Each structure stands twice: as C-alpha cells, then as structure tokens.
Amino acid sequence: MLDIKFIRENLEKVKKAATDKNRKVDFDKLLTLDEERRKLITEVEKVRAERNKISVQRTENREQRDKGKKLKEQIKILEEKLKTVEVDFKNLMYQVPNVPDKSVPIGSDASYNKEVKKWGKVPKFDFKPLDHIEIAKKLDLVDFDRGTKIAGFRGYFLKNEAALMEMGILAHTFKKLVMKGYTPLIAPSLVREFTLFGNGQFPWGREEVYLMEKDSLYLAGTAEVPVTAYFAGEVLKESDLPKKYVAFSPCFRREAGSYGKDTKGLYRLHQFNKVEQVIINKNDYQGSLELHEELLRNSEEVLQDLKLPFRVMLMCTGDMGEPQVKKYDIETFMPVRGGYGETMSNSFMGDFQTRRLNIRYKTAKGEMEFTHSLNNTAVASPRILIAILENYQKGDGTVEVPEILQEYVGKKVITLKK
RNA sequence: GGAAGGGUCGCAUAGUUGGUCUAGUGCGUUCGCUUGGAAAGCGAAUAACACCGCAAGGUGUUCGCGGGUUCGAAUCCCGCCCCUUCCGCCA
C-alpha cells in the first residue's frame, strides 16, 4: 500500500508504474473517492465539534440536551456515508502497486528481464547426462513413490546422501550468514492471517496458501512472512536499524494453478526447507538499494561455495509483483532439466509491506517513519539438489559431493548402493 | 480440553460510583545546566493518526476490535479477537 499523499503528489509516476506493471487501476475513481472522503471527514468533524461543545457543559438544560441528540443523529448519518466511501477507497488503495526503481527495465513479460551477471563454468559432459530424477532413483536418493503414497501429489522422501546434503547445505548457509552478522532465527511456519495481508500476499494469493481451518492458521510459503511481520505494530529505534536476519523454516505451497508444470522431480514441491534473509531498514532509499545488493552477493556466495554456475536476472516491471521496487532472480544452471532455473529471489519493497504491518521508527527529529523491508533466499532445498546432482554427475553413474558438503555427507562421492 | 486474570501514550504501569482523563507516574528519548571530558545530579520537553492551513496553529479520532446505552464512555451493557497464569495432555 502506498501513501495517498504520495499518490496525489506523484500521480503520473504512480500511473506509469501501474501501466508498466500490467496492473489496471482506476485512478480517476480513486482520486474522486479521496476527495469525497476528505470532504466528509471535514463535515463530520465540524458536527462533532459542535456536539462536544454541548457535552462539556454538562448541562441539565432540556433544549441543549435535545440539540445534542439531534447532532448525534446527524453524525450517525454522515459516518455511515463516510464508511461506505472509505471501504471503496481502501479497496482501490490496495490495488495500487509500488513504484519500480529507475534501474528496472520496462517490459510486459519475462522476455524483458535483463541478465546482469553470469558466473561459473557450465559443465561439458562426454557422456549423456541424466536428469536429477534418474540420478536420484539410481543412487536411491529420493523415494517419490512412497512420498506420494504418504503425502499425496508432489510428495517425496529425501533419502541417504540427499537427506544429508540437504541438512548440510542448510546448515552451511545458515552459519555463513550468521558469520556476516545476521541474527539467526528459526521461524514459525504456522502463521496468523494478518501476516499474509501484511506481506502483500493477501488478498491476491489466497489459493496458494494452506489453511488450517480448524485453528484459523495458515502455513507460510516462506520465512519472509513470519520474519517481516516480526516487528508488526512496533516502533523501533533508528539506531538499531538496519536489522538483519537469517531465518530457517519449512515452507508450504499449494502450487494451485500450476498442476501441469514440473509435475515430476524436485523442482515444484508442496513442502520444502529454506533459509531466508530478511532486512528491516530505515527509510533510506539509497541505503536500502545497497542492502539489496548485499543480499544478492550473499546468495551468489552460497552458489559459489557450491561451485554451481548461475546467472542473475534483473526483473522487468511486468514480471515483478505489486510490492516490489526492485527484484533480482538468481537462476542456477540445471543441465538436463532445461538450462537455468530460479533458485533465489531477491526483493526490495520500500515501505509497501511495513506500511501494512505498521512497522515504524522515530527519527532523531522525532518524526515517525515507516521502515523499509527486503528479503532474499539464501538457499532453498531440495530444489538446489537438482543443480548439484545434475552438475556433479560423472560418466560412471556416480555423483561427486561438493567440497563444502563432504563433511556433512561423510564422503566425497555418492556411489551405487550394492 | 477445564479454571481464573488481563489487553491504557516507544516500554512498564495508574486510572472502572460515566463528565477538567484536554490520560497521571516511572523508564527511555531529546534539549539545557553542571564538567577538562564523561557518568551521576538538576531543569524542561516528549502518544499516534486523520482532516483544514503557506505557516503559526486549529479541529477530530484512538485507551484490543466491533456494536449498544447516554447530552457525554478508558470507565456501563452485548459480541468477537488476543495475551498471561494454573490444571490436564504431550515431543
């Protein structure tokens, strides 16, 4: 959600942002409602002021009391009008997307995304490489059949070295970020509804989120949800900002509307584990952009530790969400699955989320400001295992274990079970 | 699941026979005095939000949320949400 004052004062900018993001917003209606709203507020306040004048008198006078009664009725009528206008106004306000940074390419779809970096050597195989599903089956690393039996569609059991690798990569990444000064958190996956509204996932993405109806709790698809909402409703100290967190959580996604896509393998799952980076910064646009780059570097380093080739895509206006000011996707090379696949997503939201979550701080001048929020995947597994298995496979059917994971797996090579 | 207590200004608290509560106090924060510098001490300021206004300022709303009673509600009534403690169950 943006500030209505900002919209009024930067109308052309905001209109352009909506157009560039492929969102249709009726700005004329919004402004009309805004004007109506303010007019009604002024009116209600005037009548209420009159009413208050009478009530402070503590009068026993019958005429005065009757006058007060009449004013009360007037207030009620005006308030009802105002309420209607405000509901419409708010609904429209929720639809206004955030304004992209000037560095963001303008374009309607993913084809306008810009590759800004490429790292690592794409492996050349002198044999026909297998895809991760075949590798996993051969080396007994994933049990998809029993996974489905137990957990339903897209269910899986990670097994043997794959299970060890997942624990290892999560632990390695978690520790790495802690060493960089990020505060470690293990975050709840079960969350209340307001966290999802606050993050800007609701009201749009309801279909994507699991709901525990009996308890009115949702299963978060990312630790961004609980961690960004961590300070909801609080006023922070400016000197404490930025606050940096690295959070582990199991993640749950219904993957509604993508039933045809990636139905096999470890790419698109209903449940996975993720280490997420979240930063709450003060309202300092340049500073936040720099932190956004820091988050990017952190994730790049994780892939560099694993020696996996990747590229960084700067998302264009049409391919980013409503809340984002700027967004990078990091895509890791998955030779057989089909080129580069998204493994990390790095977003700067300005105060779009924190305005909804009401996370503020007081400046030295004593003014209240909304904080900024940013988040980026540090690593998500099992998806990252696809890249490891496919890039590290050898002609003899074995898979090398990335150096940094060897201590967790307890071996250097994954071989066929007898 | 059972029982009880509670949600008030950044934090902690006072405030329930309805009306100077235009919300008290402590902590914190800011400024000043003091000091070689700092701490301590002393003094002062300090809730948020909305609307009107160039501004000074004014008006209104908000004491978990929603509704009701009343000329007037933090205070009374109804519904809901949330938190804490104890018992039970339990990794």
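Worth saying up front: this structure is predicted, and the values here are computed from it rather than measured. Just so we're on the same page: letters track the sequence lines, and every chain starts at 1.
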Check your understanding: When you check the gap from the basic side-chain N to the acidic O, do A:Glu294 and A:Lys180 get nearer than 4.0 Å?
Key -> no
Checking base pairs now: Watson-Crick or wobble, both atom distances under 3.5 Å. What partners [N]?
N: B:G37; answer: none
N: B:C80; answer: B:G64
N: B:C86; answer: B:G2
N: B:A45; answer: B:U29
N: B:A14; answer: none
N: B:C54; answer: none
N: B:C71; answer: B:G19

Practice item. Output every pair passing salt bridge (Lys or Arg N to Asp or Glu O under 4.0 Å) with a member in residues 36-46 of chain A, not counting sequence neighbours, ordered by first then second residue. Key: A:Asp34-A:Arg37, A:Asp34-A:Arg38, A:Arg37-A:Glu86
Without decimals, in angstroms, what is the distance between [X] [atom1] and [N] [atom2]?
X: A:Tyr361; N: B:U29; atom1: OH; atom2: C1'; result: 16 Å
X: A:Glu79; N: B:C51; atom1: CD; atom2: P; result: 17 Å
X: A:Asn358; N: B:U62; atom1: CG; atom2: C1'; result: 13 Å
X: A:Leu71; N: B:U70; atom1: CG; atom2: C1'; result: 14 Å
X: A:Lys83; N: B:A50; atom1: NZ; atom2: C1'; result: 17 Å
X: A:Asp215; N: B:C81; atom1: CG; atom2: P; result: 13 Å
X: A:Glu238; N: B:G10; atom1: CD; atom2: C1'; result: 14 Å
X: A:Lys237; N: B:U46; atom1: NZ; atom2: P; result: 21 Å

Exercise for review: List the steps, then state whether salt bridge (charged side-chain N to carboxylate O under 4.0 Å, His left out) holds for A:Lys394 with A:Glu400.
Suggested key: CA-CA 7 Å; A:Lys394 303 291 166 217; A:Glu400 203 185 316; 3.2 Å; yes
Any side-chain N or O of [X] under 4.0 Å from OP1/OP2 of [N]?
X: A:Lys46; N: B:C52; answer: no
X: A:Lys76; N: B:G68; answer: yes
X: A:Asn52; N: B:U59; answer: no
X: A:Arg51; N: B:U59; answer: no
X: A:Arg48; N: B:U59; answer: no

Check your understanding: Are the aromatic rings of A:Phe272 and A:Tyr156 close, with centres under 6.0 Å apart?
Key -> no
Please work out if [X] contacts a base, only the sugar-phosphate, or nothing of the nucleic acid, heavy-atom cut-off 4.0 Å.
X: A:Asp66; result: nothing
X: A:Lys53; result: nothing
X: A:Lys5; result: sugar-phosphate

Taking [M] as the reference, what is the distance to [N] when you measure between their [atom1] atoms (whole Å, please)?
N: B:G72; M: B:U62; atom1: P; value: 13 Å
N: B:A55; M: B:U13; atom1: P; value: 40 Å
N: B:C31; M: B:A40; atom1: P; value: 15 Å
N: B:A74; M: B:C63; atom1: C1'; value: 5 Å
N: B:C82; M: B:G66; atom1: C1'; value: 14 Å
N: B:C11; M: B:U29; atom1: P; value: 15 Å
N: B:A23; M: B:A14; atom1: C1'; value: 10 Å
N: B:U75; M: B:U85; atom1: C1'; value: 26 Å

Practice item. On RNA chain B, check which nucleotide each of A:Arg360 and A:Asp34 is closest to and give me the residue with the more 5' one. Key: A:Arg360
Give the nucleotide from the list [options] with an atom nearest to the side chain of [X].
X: A:Glu45; options: B:A47, B:G19, B:C51; value: B:C51
X: A:Lys362; options: B:C49, B:A50, B:A47; value: B:A47
X: A:Thr42; options: B:C52, B:A50, B:A48; value: B:C52
X: A:Arg38; options: B:C82, B:C52, B:U59; value: B:C52

Check your understanding: Relative to each other, are the rings of A:Tyr285 and A:His372 parallel, tilted or perpendicular (30° and 60° limits)?
Key -> perpendicular
Check your understanding: Quick one: OG on A:Ser373 to NZ on A:Lys243, what's the gap to the nearest 0.5 Å?
Key -> 15.0 Å
Review point. Would A:Asp262 and A:Arg337 satisfy salt bridge (charged side-chain N to carboxylate O under 4.0 Å, His left out), going step by step from the backbone distance to the final call?
Key: CA-CA 10 Å; A:Asp262 313 305; A:Arg337 212 201 87 89; 3.0 Å; yes
Review point. Counting only N and O atoms by type, is there a donor-acceptor contact under 3.5 Å from the side chain of A:Ser189 to the main-chain atoms of A:Ala220?
Key: no
